[in-house]
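Note sheet for the following structure.
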2 protein chains.
Amino acid sequence: MNLSLSPLALEVLDLIDTLVARYQESYEAAAARHQLTGSQVRVLELLSHQPLAMRRLAERLKCEPSNVTGIVDRLEARGLVRRQPDPADRRVKLAAVTEAGRLIGDQVRASTDFTRTRLTTLPPEDCAALHAGLYRMLN
Amino acid sequence: MNLSLSPLALEVLDLIDTLVARYQESYEAAAARHQLTGSQVRVLELLSHQPLAMRRLAERLKCEPSNVTGIVDRLEARGLVRRQPDPADRRVKLAAVTEAGRLIGDQVRASTDFTRTRLTTLPPEDCAALHAGLYRMLN
DNA sequence: TATTGTTATACTCTATAACTATA
DNA sequence: TATAGTTATAGAGTATAACAATA
């Protein structure tokens with residue numbers, strides 16, 4: 001329904017398509033440089049603040065819990081994550097990032113961002129415009 | 001390296017993370033509503049203007065040509081795409097969207113966009129700010 | 001009974017390597 | 001010999017359904 005979008009809005013739509021594409025590329029490429037997939041890096045990020053139950057991890061990843069088993073298996077096999085019992089509920093397994101996992105997660109994030117590098121050199125007034133526009137759009 | 005990013009830039013980074021996540025969700029969900037994957041819809045979009053050689057499709061999708069064979073196979077099995085010979089080079093197969101494929105592609109795109117619906121209601125001044133900021137960031 | 005995590009299964013996307021038919 | 005598309009293979013992510021352990 002392009003009819004309801006102004007010419008300016010259509011251009012913004014194109015810019016957003018480009019932004020998303022570059023963001024994705026940069027994210028996957030950074031992960032691949034460390035022989036990791038995007039999902040694996042995502043888990044490392046989600047666990048960087050505190051351990052999470054497999055169930056919670058599935059919610060955050062927006063996928064089925066059965067998938068998380070495999071992703072965490074592969075991270076655990078490489079020593080980047082470990083499973084811990086939950087003292088409060090013996091059904092639950094908490095996934096926790098290891099020191100090695102935290103290190104790699106930080107490295108990937110630092111080497112990732114197309115977005116990040118672009119933002120460092122963006123003049124403050126453009127940054128402010130971006131902030132205002134995005135904030136209004138997302139809220 | 002958050003040290004080199006201003007507090008404002010950090011907030012923009014968060015906003016962009018959110019934007020990308022919502023964009024992705026909305027794209028995949030719209031595709032799924034039509035029993036299609038994101039890649040399949042992407043192909044439908046790429047072919048919406050003109051037929052493309054399998055090789056070109058692979059370039060646009062940023063994946064190996066061998067993968068395109070499978071994606072086009074599945075679309076062809078559902079009658080959404082067909083393979084045509086290239087009169088100029090008998091090695092080449094041109095993938096072309098069918099009428100049914102064009103119809104579904106349009107429907108998905110219309111039902112997709114989180115981005116699109118947000119932009120329709122965004123005040124012109126916010127839209128202009130977004131455009132300015134994104135343009136400067138991406139170019 | 002309900003919930004947590006896992007297993008089993010099937011499908012899609014992905015890359016790599018080897019093959020065929022053209023050029 | 002080089003290129004276009006395919007096949008074969010293997011790994012990863014995804015959803016669904018069924019299961020054991022625990023609540």
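Each chain gets a letter, A, B and so on, in the order the sequences are listed, and its residues count up from 1. Quantities reported herein were computed from a predicted structural model and do not represent experimental measurements.
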Legend entry - Between C:dT4 (C1') and A:N67 (CG): distance, integer Å: 15 Å
Legend entry - Under 3.5 Å donor-acceptor pair, B:S66 side-chain atoms to C:dT16 base atoms: yes
Side-chain polar contacts of residues 122-139 of chain B - donor-acceptor pairs under 3.5 angstrom, sequence neighbours left out - could you list them?
residue	atom	partner	partner atom	Å
B:D126	OD2	A:R136	NH1	3.2
B:D126	OD2	A:R136	NH2	3.4
B:H131	NE2	A:E11	OE1	2.8
B:R136	NH1	A:D126	OD2	3.2
B:R136	NH2	A:D126	OD2	3.4
B:N139	ND2	B:Y135	O	3.0

Legend entry - Rounded distance in Å - NZ (B:K93) to P (C:dA21): 11 Å
Inset, instruction - Tell me which nucleotide among C:dT16, C:dA2, C:dT14 gets nearest to the side chain of B:C63. - result: C:dT14
Legend entry - Distance, nearest 0.5 Å, that separates CZ of B:R74 from CD of B:Q40: 6.5 Å
Legend entry - Of residues 68-78 of chain A, the positions that come close to DNA chain C - non-hydrogen atoms, cut-off under 4.0 Å: A:T69
Legend entry - Between CZ on residue A:R109 and CG on residue A:D106, distance to nearest 0.5 Å: 5.5 Å
Inset, instruction - Provide, to the nearest angstrom, the distance between the CG atom belonging to B:D86 and the C1' atom belonging to C:dA21. - result: 15 Å
Legend entry - Distance, rounded to the nearest Å, where A:E64 contributes CD and C:dT9 contributes P: 19 Å
Legend entry - salt_bridge(B:R56, B:E59) N-O dist < 4.0 Å: yes
Legend entry - Inter-residue atom distance B:L75.CG - B:L80.CG, 0.5 Å rounding: 5.5 Å
Inset, instruction - Mind checking side-chain contact (heavy atoms from CB on, under 4.5 Å) for A:S66 and listing every partner two or more places apart, or none if nothing turns up? - result: A:E64
Inset, instruction - Send over the distance from A:D89 CG to C:dT3 P, rounded to a whole Å. - result: 12 Å
Legend entry - Separation between CG of B:L52 and CE of B:M54, rounded to the nearest 0.5 Å: 10.5 Å
Legend entry - Strand contacts (DNA chain D) in residues 35-60 of chain A, 4.0 angstrom heavy-atom criterion: A:T37, A:S39, A:Q40
Legend entry - Start and end of the DNA chain D segment that chain A contacts, any atom under 4.0 Å from a heavy atom: D:dA12 to D:dA23
Inset, instruction - Report whether B:L44 and B:V72 are members of the same hydrophobic cluster (ILVMFWY, side-chain heavy atoms less than 4.5 Å apart, transitive linking). - result: yes
Inset, instruction - First locate atom CD of B:Q24, then atom CD of A:Q24, and finally report the distance between them rounded to the nearest 0.5 Å. - result: 4.0 Å
Legend entry - Residues B:L19, B:L15; criterion side chain to side chain contact (heavy atoms under 4.5 Å, CB included); working and verdict: CA-CA 6 Å; B:L19 172 64; B:L15 290 169; over 6 Å; no
Legend entry - Listed once per pair and sorted, the salt bridge (charged side-chain N to carboxylate O under 4.0 Å, His left out) pairs that draw on residues 39-49 of chain B, sequence neighbours left out: B:R42-B:E45
Inset, instruction - For B:R83 and for A:R90, locate the closest nucleotide of DNA chain D by heavy-atom distance; then report the residue assigned to the nucleotide nearer the 5' terminus. - result: B:R83
Inset, instruction - Send over the distance from A:Q84 CD to C:dG5 P, rounded to a whole Å. - result: 13 Å
